[in-house]
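What follows is a single structure, written as structure tokens, with notes after it.
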Amino acid sequence: MLTLAEVNDRFERFVRLERRPLFVLGSDEVPQGAVPMGQVDRCVARALLKSASDRSLPPMVIGKDVRERCCPGGLMWLGFAPAMPQLPYFLSTGTPDFRGGEAELLKPSPEAAQRFLQAPGGITPPGRYIVISGADAVTDEVAVRSMLVIGTAEQVRNLGGLVHYRKEDIFHSILMPAGASCASMVTYAAGMASGAPRDVAYVGPVDPTGNAWFPPDSLSFAAPIGLARQMAEDMPSSFIVGRSNVAFPERPGMSAPR
């Protein structure tokens with residue numbers, strides 16, 4: 001079985017990632033050297049993008065007692081806080097009692113928004129804390145729940161093809177479900193939502209409120225660590241390596257494979 005470092009290396013090298021993969025794990029203690037996620041960014045998903053883009057950032061940690069400066073929505077989607085009572089209105093048509101009637105118009109009615117919020121089921125963190133880290137800082141591979149890649153559309157398309165290299169269910173092996181950006185990147189693939197299917201990959205984000213900061217030519221790809229490890233093992237025998245000129249056709253200005 002490939003080690004986490006080997007999985008990371010194959011994803012970076014064969015998928016030609018510019019941003020590093022991130023790994024999601026649970027812990028009952030704050031790892032030494034980890035920084036509170038809220039210090040990196042108030043938005044959990046934006047903190048993930050920053051961590052993937054900046055290899056010098058240390059592991060990030062979030063929990064019920066490490067939540068300062070984190071947005072209430074991110075805390076809810078990671079299982080550390082209940083939903084605000086006014087949230088169904090904010091997601092749909094708005095209400096004068098909350099933020100002056102501001103509405104995200106993501107759902108047609110508060111009732112539809114409430115059903116959407118209930119769809120993932122109960123959300124349970126994988127430990128007292130959630131730790132997000134590059135592979136080099138992971139000290140307990142057994143605790144790793146999932147992997148997150150933020151890549152170009154071409155890279156994510158190829159990762160989708162690699163999922164299907166092994167999978168036989170052509171319709172349900174890769175999903176693009178509704179939810180906050182941090183749910184697309186962490187919650188579903190890490191097995192934290194009781195209603196989320198297991199052993200599938202999740203592409204996103206689909207929350208348009210992140211468009212102001214999420215790169216317009218990129219997508220997130222999150223997979224349970226078992227699936228990610230299988231994908232890494234399959235890379236040498238699949239089109240990713242065997243037909244790399246098809247997976248990554250040469251274009252002017254493109255960097256050469258590492």
Side-chain angles (χ1 to χ4, degrees), residues 24 37-38 41-49 62 64 67 69-126 130 145-146 148 150 153 156-157 160 163 169-224 227:
V24 179
M37 190 173 293
D41 201 285
R42 180 176 183 274
C43 170
V44 170
R46 197 159 54 207
L48 295 170
L49 175 62
I62 187 171
K64 284 187 177 180
R67 52 189 285 175
R69 290 192 241 169
C70 289
C71 79
L75 291 170
M76 181 200 78
W77 282 103
L78 295 183
F80 292 123
M84 295 179 295
Q86 306 95 332
L87 186 57
Y89 294 91
F90 180 61
L91 294 175
S92 57
T93 57
T95 175
D97 320 357
F98 186 67
R99 298 180 68 161
E102 185 180 350
E104 291 191 329
L105 305 179
L106 296 174
K107 287 293 178 180
S109 68
E111 294 76 20
Q114 182 62 33
R115 290 191 293 272
F116 152 67
L117 291 169
Q118 293 171 341
I123 297 175
T124 305
I130 295 174
R145 299 288 289 269
S146 63
L148 168 66
I150 298 175
V156 174
R157 290 198 303 270
V163 170
D169 183 346
I170 67 171
F171 292 113
H172 304 105
S173 296
I174 305 172
L175 303 176
M176 199 174 193
S181 296
C182 50
S184 296
M185 298 179 186
V186 173
T187 311
Y188 300 147
M192 293 162 51
S194 62
R198 303 299 195 259
D199 196 35
V200 301
Y202 292 92
V203 172
V206 300
D207 182 354
T209 62
N211 287 346
W213 52 265
F214 196 84
D217 59 350
S218 298
L219 292 165
S220 63
F221 178 94
L227 175 57

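Just so you know, residue 1 is the first one in the sequence shown, and it goes up from there.
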**Item:** side chain to side chain donor-acceptor pair (under 3.5 Å) contacts in which one or both residues fall within residues 198-210, not counting sequence neighbours
**Value:** Lys167-Asp199, Asp207-Thr209
**Message:** My understanding is that only residues two or more places apart in sequence, or in another chain, count here; which of them pass side-chain hydrogen bond (donor to acceptor under 3.5 Å, both in side chains) with Arg99?
**Reply:** Glu102
**Asked** By side-chain hydrogen bond (donor to acceptor under 3.5 Å, both in side chains), which residues pair with Asp217, not counting sequence neighbours?
**Response** none
Looking only at heavy atoms, what is the nearest atom pair of [X] and [Y], with distance?
| X | Y | value |
| --- | --- | --- |
| Met176 | Gly204 | CE-CA, 4.4 Å |
| Phe214 | Ser218 | CE2-O, 3.4 Å |
| Pro177 | Val206 | O-CG2, 3.3 Å |
| Pro88 | Gln114 | CG-OE1, 3.1 Å |
| Ile123 | Leu78 | CG2-C, 3.8 Å |
| Ala83 | Met76 | CB-SD, 3.3 Å |

**Request:** With side chain to side chain contact (heavy atoms under 4.5 Å, CB included) as the test, would you mind laying out the steps for Phe80 and Ile130 before giving the verdict?
**Result:** CA-CA 10 Å; Phe80 292 123; Ile130 295 174; 3.7 Å; yes
Which residues pass the side chain to side chain contact (heavy atoms under 4.5 Å, CB included) test with [X], sequence neighbours left out?
| X | answer |
| --- | --- |
| Thr124 | none |
| Asn211 | Pro208 |
| Cys43 | Asp41, Ala45, Arg46, Trp213 |
| Thr93 | Pro110 |

**Message:** Checking Phe90 now: which residues fulfil ring-ring contact (aromatic ring centres under 6.0 Å, His included) with it, not counting sequence neighbours?
**Reply:** Phe98
**Message:** So, taking the atom named OG1 in Thr95 and the one named CG in Leu87, what distance separates them when rounded to the nearest 0.5 Å?
**Reply:** 12.5 Å
**Item:** Distance in Å, Arg157 CZ paired with Leu219 CG, rounded so as to fall on 0.5 Å steps
**Value:** 9.0 Å
**Prompt:** Does any non-hydrogen side-chain atom of Ser220 lie less than 4.5 Å from one of Leu148?
**Reply:** yes
**Prompt:** Quick one: are Pro215 and Leu49 in side-chain contact, heavy atoms under 4.5 Å?
**Reply:** yes
**Request:** Assess whether side chain to side chain contact (heavy atoms under 4.5 Å, CB included) is satisfied between Leu75 and Val44, documenting all intermediate values.
**Result:** CA-CA 8 Å; Leu75 291 170; Val44 170; over 6 Å; no
**Request:** With sequence neighbours excluded, tell me which residues meet salt bridge (Lys or Arg N to Asp or Glu O under 4.0 Å) with Arg69.
**Result:** none
For residues 181-196, run the donor-acceptor check on the side chains, cut-off 3.5 Å, and write out each pair with its distance to 0.1 Å, sequence neighbours left out.
from, atom 1, to, atom 2, distance (Å)
Thr187, OG1, Trp77, O, 2.8
Tyr188, OH, Ala178, O, 2.7
Ser194, OG, Gly122, N, 3.0

**Message:** With side chain to side chain contact (heavy atoms under 4.5 Å, CB included) as the criterion, how do Val200 and His172 come out once you've worked through the C-alpha distance, each side chain's angles and the decisive distance to 0.1 Å?
**Reply:** CA-CA 7 Å; Val200 301; His172 304 105; 5.7 Å; no
